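Reviewing the structure listed below.
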Amino acid sequence: MDKLNSQNVVDLFVIGGGINGCGIARDAAGRGLGVELAEMNDLASATSSASTKLFHGGLRYLEYFEIRLVRKALIERETLLKAMPHISWPMRFVLPYHQDMRFEGDTPTSKILNVIMPWMKGRRPAWLIRFGLFLYDNLGGREILKGTTSLNLATTPEGAPLQDRFKKAYEYSDCWIEDSRLVVLNARDAEARGAKINVGTKVISAEQVEGVWHITLEDRETSKRRLVMAKMLVNAGGPWVGDIINNTVRINATDGVRLVRGSHIVVPKLYDHDKCYFFQGEDGRIIFTIPYETDFTLIGTTDADHADASEKPVCTPEEQEYLVSFASNYLKKPITTQDIVWTYSGVRPLYNDGASSATAATRDYVLKVDTSAGAPILNVFGGKITTYRRLAETAMKEISAFFPKAGNPWTAGVALPGGNFPVTGVDDLIGQLKNTYAFLDARWATRLIKAYGMDAFEVLGDAKSPEDLGRNFGASLTAQEVSWLVQNEYARCAEDIVWRRSKLGLRLTKEEINAIDVWMAEEAQKRPD
Ligand SMILES: Cc1cc2nc3c(=O)[nH]c(=O)nc-3n(C[C@H](O)[C@H](O)[C@H](O)COP(=O)(O)OP(=O)(O)OC[C@H]3O[C@@H](n4cnc5c(N)ncnc54)[C@H](O)[C@@H]3O)c2cc1C
């Protein structure tokens, strides 16, 4: 095993390449700290590619009086949108109202309503929803996004896909985010600012020796091990945060995570307009239907306790049935499990605050610095994609005593790679790309801009025709794009490319995906070690 000499002690070693690990690595590197990160699989291979993909305040958390969390997230939406207008965009949410909509039984709001309006028997009154949306519009930082409006479903296109019993709806704003691309862009920016990013690299153990962490890493492909030394550890292991505390670092910490599985289904496009629906169930839960990847609709999510991080989350037949019948309660043309073309599932690593149900457990993050081993470790619990940048800033504040020379907060207002253009500039950029590369059709150009933003020009280079981009693997994915992803975005296999750097897996056959793997393996052979 290679042993590094003590001059090679990095300031911060981050375990985990999800959004929280990559966000902290970027922030810390930009403040001048020496940073290294290890991700045992692909970047965003766990929870950070399995979200509902919303930068949102979380309307339903208002019923739990999580005002601080909602305000923080609402303010953050527009800060993030401005820094990444290629992978994030505003979306309108239509919330149909019906008198049978109920609260989950144990929210603080439902308890109060049960006392002052017992005749409602747990139903959500319309004025309460309107009041919640008023707060949502006004709690913080809304300059770009449109406020709430009312809709008459009988006369508007938004009513067409819904059953006739829905007469009235509210419409409000949140933002879409390409979650797995967000992670990769943070990793790229961290690297550009000096961080070292290792993928396919598991942290096997970390021991404290005379105030320095000795961290053993294993390359998952070659099983080769090496040692890295660091002044401080960041445990951003998501669902594995507790496992890392107990088995990798072996310290005694009382805080823990509650693992809550959430699943989504994807079906062929259910309606023509570009808005989402926010459906409330009779069980107090809510689901979204979201226009997805041009030709599909994304439906989710569920909330179920999940026993163990090592158990791969899957969307169970019961969850599929639940989502299908929930949505069909609203839709004029019901859907069935036969319509499902893809499912995905992730585990929320929520801070265990002792809440009675999975739905009620707090979505806010908790950061704990532990020095019981001698050298310091920061454990990250919970959080939302929406608050990742704030979480990273808070993490830097928590560890500032150990790094007094670290720079000031800097990430608000600084664009991620490819995102240095105005929020309203997407259409112009698509037009510019089409003008520069006349062989692109509208769909291809749009896909490239919404993935790479300004970097789309670099991806296409000096190509004059589709042939100049090399082999076409299907769905406009070319050899040149695959190579660019390998060189610039840590992609190592077809799955990284078709499910996390893009969602082209929805359009490619198994054979086409296998062909990408074969081609990538051949190209890897040609590269010098
Ligand atoms: C169903 C669902 C819907 C959601 N929807 C939203 C939403 O719409 N909006 C929103 O803001 N938030 C949403 N969230 C929350 C959000 O997705 C999570 O809070 C966030 O992704 C957690 O990121 P993370 O970096 O903490 O964890 P992860 O993304 O899980 O990253 C942890 C990483 O650590 C790695 N790792 C673990 N152990 C080791 C080790 N020993 N060595 C090396 N690497 C290791 C893992 O491989 C993993 O990649 C949703 C979550 C779920 C599950």
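Start at 1 with the first residue, then count along the sequence. Counting starts at 1 for both ligands and their atoms, following the listed order. Please read all numbers here as calculations on a predicted model, not as lab measurements.
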Check ion pair [X]-[Y] (N to O, under 4.0 angstrom):
{"X": "Arg500", "Y": "Glu495", "value": "yes"}
{"X": "Lys503", "Y": "Glu178", "value": "no"}
{"X": "Arg225", "Y": "Asp219", "value": "no"}

Can you tell which part of [X] has a heavy atom less than 4.0 Å from ligand 1: side chain, backbone, both or neither?
{"X": "Thr52", "result": "both"}
{"X": "Ile15", "result": "side chain"}
{"X": "Leu43", "result": "neither"}
{"X": "Ala236", "result": "backbone"}
{"X": "Arg261", "result": "neither"}

Checklist entry - Met40 to ligand 1: N or O pair under 3.5 Å? => result yes
Next on the checklist: Geometry only, no angles: is Ile19 polar-contacting ligand 1 at N/O separations under 3.5 Å?
Outcome noted: yes
Checklist entry - For ligand 1, which atoms have a heavy atom of Ala50 less than 4.0 angstrom away? => result 1 (C), 2 (C)
Checklist entry - Gly262 heavy atoms, cut-off 4.0 Å: which ligand 1 atoms fall inside? => result 1 (C)
For [atom], what's the nearest protein heavy atom and its distance?
{"atom": "atom 24 (P) of ligand 1", "result": "Asn20 ND2, 3.6 Å"}
{"atom": "atom 21 (O) of ligand 1", "result": "Ser48 OG, 2.9 Å"}
{"atom": "atom 12 (N) of ligand 1", "result": "Ile385 N, 3.2 Å"}

Checklist entry - Cut-off 3.5 Å, side chains only: do Ser51 and Asp179 have a donor facing an acceptor? => result yes
Checklist outcome for this item: Candidates Leu54, Thr47, Asp303, Thr386; heavy atom nearest atom 18 (C) of ligand 1 found on Thr47
Checklist entry - For atom 4 (C) of ligand 1, which candidate among Ser51, Ser49, Ser45 holds the nearest heavy atom? => result Ser51
Next on the checklist: Can you tell me how the ring of Tyr292 sits relative to the ring of Trp342, calling it parallel under 30°, perpendicular over 60° and tilted otherwise?
Outcome noted: parallel
Checklist entry - Do the ring planes of Tyr330 and Phe279 sit parallel (below 30°), tilted (30 to 60°) or perpendicular (above 60°)? => result parallel
Checklist entry - When you measure from the side chain of Asp11 to the backbone N and O of Gly34, does any donor-acceptor pair fall under 3.5 Å? => result yes
Next on the checklist: With the threshold set at under 4.0 angstrom, would you say Val380 reaches ligand 1 through any of its heavy atoms?
Outcome noted: no
Next on the checklist: For the CZ atom of Phe288 and the CG atom of Leu95, what is their distance to the nearest 0.5 Å?
Outcome noted: 9.0 Å
